[in-house]
Amino acid sequence: MLPSSRRSRSSRTPRAAALLAAGASLALVAAAAPGPAEPLGIGDRLFPHLGNPGYDVTDYDISFTYHGDNSKPLSAITKIDARATSRLDRINLDFSHGTVSSVLVNGASAHFTSSGEDLIVTPDRPVAAGKSLDVTVRHTSDPRPGKKENGWVRTKDGLAMANQADAGHRVFPSNDHPSDKAYFTFRITAPKGYTAVANGLPVAKTRQGGATQWAYRTAHPMATELAQVSIGRSAVLHQEGPHGLPVRDVVPAKDAKALRPWLKKTPGQISWMEGKVGRYPFENYGLLMAHASTGFELETQTLSLFERDLFLRDGYPKWYIESIMVHELAHQWFGDSVSPRTWSDLWLNEGHATWYESLYAEEKADQPMEKRMRSAYRASDAWRAEGGPPARPKAPSGGKISIFRPVVYDGSALVLYALRQEIGKDAFQRLERAWVGTHRDSTATTADFTRLASQIAGQDLSGFFDAWLYGKKTPPMPGHPKWTSDPVPK
């Protein structure tokens, strides 16, 4: 994600297979006795009620019917294939901002109720550990604003999704935490004149009277926060990337000609990223340019979400817009293919995306990274005071994007700059390639990154990372002993 607030400043742009330990203990409680119907969670430090213990999702199959009106809920069916990791007398799903009409568990009707932002399901018989768990929920998905920010973005001509960080469950029932990635199938029915597009590759298109249903399937597992469904009066444009990679872009049909010059830059940007970190990790890529005011861009898997006006409105240098495109592209490796095990590992996503955004600007537009990093160093102590250190960010203070503070962008890219200064460019480049190769299609933690960096550098870097990632004060910059941080405002 890249908040638009970073665009309003100067060119330096200050813009579950493995559950948490707390979650594991909750799973044991759930296995021991039914207990009251109450919200659970896996104990994420920043979002403690997201995710649910006791099962691991393998597949989602989600059907939406759009009625051509953003003021009306969509009809929806969510099918979840999972495996129980402990005995389940009750099954908690993350879901809110919709109405549930029925739930089936392994083909049998089940009782359900809601508490907090959980849908709590009681099957007719407990599900034993290790057994298949198939849940079908018939529900609505409401694009209208609620008390909390919704995952649906209402565009000028339809809808798009922006689920990061904690809004996927306001669109469909799920285990809404990046530690539990799964495959997705989307089936979207929309009236004549609309086009529906989703993550992954198209697998079917059928006409149903005056409507059309599109189906898409991901070829790689995906976190719920990265799901994308676009419904609008859209043009779908196709081109080819490196190694024959399908590049599919979705734009407002009336703006296709004006936006095409920007879209043509994507294949070259993919080639540039591959030269840095290796082969693009997914089945296709493209940009979704939505006619909406979101306040951010978002790395939804294989189809990154952008505000249309970023490309059509005057005021930003071309090199800067291209670097933002690279930011979201870099996330396909860092954050999408290699996803954070916990939300405190967010710095690994945004720090790397900001790093390659900056490196691209340096190599393609003569915008020195050292200048940007020195500026970040001056602000770093203040960023840490305001938002916490990079790997221990403060809890969200408002809506879903409030954890996306400057410290996780330039403040975290600064950590990578310090690391490159510490171990040298060659070792740093080997680390980057090894990181995305080792953890492809999986999740990883800050501790994993520390271990791999130490292994490749041939030295124990735990002290280095402890200071740079968890310290209240920014450590001295290797190779730049005269760099100083500005005093923190009182």
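- A donor-acceptor contact shorter than 3.5 Å is absent between the side chain of D249 and the backbone of L263.
- For the ring-ring contact (aromatic ring centres under 6.0 Å, His included) with W347, the lone residue among W383, Y409, F449 that qualifies is F449.
- Side-chain atoms of Q332 and Y285 form no donor-acceptor pair, as typed in the model, at a separation below 3.5 Å.
- Put simply, the side chain of N175 never gets that close to the backbone of D180: no donor and acceptor are under 3.5 Å apart.
- With F306 as the fixed residue, the ring-ring contact (aromatic ring centres under 6.0 Å, His included) test singles out one of F296, F311, W262: F311.
- Between the OG1 atom of T342 and the CZ atom of R45 there is a distance of 8.0 Å, given to the nearest 0.5 Å.
- Side-chain atoms of D309 do not come within 3.5 Å of backbone N or O of S293 as any donor-acceptor pair.
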Discussion item. Run Q228 and L305 through side-chain contact (heavy atoms from CB on, under 4.5 Å) and show every step you take.
Written reply: CA-CA 8 Å; Q228 183 57 267; L305 175 66; 3.8 Å; yes

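- A donor atom on one side chain and an acceptor atom on the other are found under 3.5 Å apart for H177 and S179.
- Partners of A182 by side-chain contact (heavy atoms from CB on, under 4.5 Å), not counting sequence neighbours, listed by chain and number: V57, Y60.
- Counting only N and O atoms by type, the side chains of K181 and S339 include a donor and acceptor under 3.5 Å apart.
- You'll find the side chain of Q239 stays beyond 4.5 Å of the side chain of P246, heavy atoms only.
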Report all side-chain donor-acceptor pairs from residues 202-214 shorter than 3.5 Å, counting only partners two or more places apart or in another chain.
from: R207; atom 1: NH1; to: T212; atom 2: OG1; distance (Å): 3.2
from: Q213; atom 1: NE2; to: T189; atom 2: OG1; distance (Å): 3.4

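- Within the model, atoms OG1 of T113 and CD1 of I120 stand 6.5 Å from one another, a figure rounded to the nearest 0.5 Å.
- Here the side chains of L50 and I42 are not in contact, with every heavy-atom distance at 4.5 Å or above.
- Listed here is the closest heavy atom pair of P145 and R154: CD-NH2, 3.6 Å.
- For the pair S337 and F282, the tightest heavy-atom approach, listed with the atom from each and the gap, is N-CZ, 3.4 Å.
- A donor and an acceptor atom, one from each side chain of H352 and E432, are located under 3.5 Å apart.
- The backbone N or O of F172 sits nowhere less than 3.5 Å from a side-chain atom of S141 that would complete a donor-acceptor pair.
- Annotation: side-chain contact (heavy atoms from CB on, under 4.5 Å) contacts of A198 (sequence neighbours excluded): F186, I188, Y216, V229.
- Between the side chain of D336 and the backbone N or O of M222 there is no donor-acceptor pair closer than 3.5 Å.
- The two residues P393 and A391 have their closest heavy-atom pair at CD-C, 3.4 Å.
- Side-chain contact annotation: H97 with E117, donor-acceptor N/O pair under 3.5 Å absent.
- Of the possible donor and acceptor atoms, one in the side chain of W333 sits under 3.5 Å from a partner among the backbone N and O of R279.
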For residues 98-110, please give each side-chain donor-acceptor pair under 3.5 Å, one per line with the distance, not counting sequence neighbours.
from: S101; atom 1: OG; to: R138; atom 2: O; distance (Å): 3.3
from: N106; atom 1: OD1; to: D134; atom 2: N; distance (Å): 2.8
from: N106; atom 1: ND2; to: S132; atom 2: O; distance (Å): 3.4

Discussion item. For R233 and T195: C-alpha separation, side-chain torsions, deciding distance, then whether side-chain contact (heavy atoms from CB on, under 4.5 Å) applies.
Written reply: CA-CA 6 Å; R233 300 186 184 278; T195 298; over 6 Å; no

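- Closest approach of R341 to T445, counting heavy atoms only: CB-CG2, 3.3 Å.
- Cation-pi check for R217 over F184 is not met; the charged atom does not lie both under 6.0 angstrom from the ring centroid and within 45 degrees of its normal.
- Panel note: side chain S271, backbone P242; no donor-acceptor pair is recorded below 3.5 Å.
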Worksheet item: Which is it for Y360 and E322 under the side chain to side chain donor-acceptor pair (under 3.5 Å) test, yes or no, and what are the steps along the way?
Response: CA-CA 9 Å; Y360 186 87; E322 290 185 45; 3.2 Å; yes

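- In this structure the side chain of I403 reaches within 4.5 angstrom of the side chain of W343, judged on heavy atoms.
- Checking side-chain atoms of N199 against main-chain N and O of Q301 turns up a donor-acceptor pair under 3.5 Å.
- The ring-ring contact (aromatic ring centres under 6.0 Å, His included) pairs that include a residue from residues 221-254 number zero, where partners must be two or more places apart or lie in different chains.
- R144 meets the side chain to side chain donor-acceptor pair (under 3.5 Å) test with D142; sequence neighbours excluded.
- Nearest heavy atom pair, residue V338 against residue A444, reads CG1-CB, 4.0 Å.
- Between the side chain of S230 and the backbone N or O of A160 there is no donor-acceptor pair closer than 3.5 Å.
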Discussion item. Apply side-chain contact (heavy atoms from CB on, under 4.5 Å) to residues Y194 and D157 and explain how you reach the verdict.
Written reply: CA-CA 9 Å; Y194 288 89; D157 61 345; 5.5 Å; no

Expected list for residues 63-80: side-chain donor-acceptor pairs under 3.5 angstrom, two or more places apart:
from: Y66; atom 1: OH; to: N70; atom 2: OD1; distance (Å): 2.7
from: H67; atom 1: NE2; to: S75; atom 2: OG; distance (Å): 3.2
from: D69; atom 1: OD1; to: S71; atom 2: N; distance (Å): 2.9
from: D69; atom 1: OD1; to: S71; atom 2: OG; distance (Å): 2.6
from: D69; atom 1: OD2; to: S71; atom 2: OG; distance (Å): 3.1
from: N70; atom 1: ND2; to: G158; atom 2: O; distance (Å): 2.8
from: T78; atom 1: OG1; to: H139; atom 2: NE2; distance (Å): 2.8

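- Partners of T122 by side-chain contact (heavy atoms from CB on, under 4.5 Å), not counting sequence neighbours, listed by chain and number: R90, H111.
- In this structure, the side chains of I231 and T155 stay at 4.5 Å or more apart for every pair of heavy atoms.
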Worksheet item: Can E350 and H331 be said to form a side-chain contact (heavy atoms from CB on, under 4.5 Å), step by step?
Response: CA-CA 8 Å; E350 299 299 347; H331 270 308; 3.0 Å; yes

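- Side-chain contact check for T446 and D345: at least one donor-acceptor pair (N or O, by modelled atom type) lies under 3.5 Å.
- Judged as a salt bridge (charged side-chain N to carboxylate O under 4.0 Å, His left out), and not counting sequence neighbours, the contacts of D255 are R308.
- Every side chain to side chain donor-acceptor pair (under 3.5 Å) that E225 has, sequence neighbours left out, goes to Q164.
- Residues forming a side-chain contact (heavy atoms from CB on, under 4.5 Å) with L201 (at least two apart in sequence, or on another chain): E283, N284.
- Residues Y55 and S86 bring no donor and acceptor atom of their side chains to less than 3.5 Å of each other.
- Residues P173 and D94 are not in side-chain contact: their nearest non-hydrogen atoms beyond the backbone lie 4.5 Å or more apart.
- Residues forming a ring-ring contact (aromatic ring centres under 6.0 Å, His included) with H439 (at least two apart in sequence, or on another chain): W435.
- For E299 (side chain) and E328 (main-chain N/O), no donor-acceptor pair under 3.5 Å exists by modelled atom type.
- Counting all heavy atoms, side chain and backbone alike, G151 lies closest to R170 at N-CB, 4.3 Å.
- Using modelled atom types and a 3.5 Å distance limit, the side chains of H169 and D176 yield a donor-acceptor pair.
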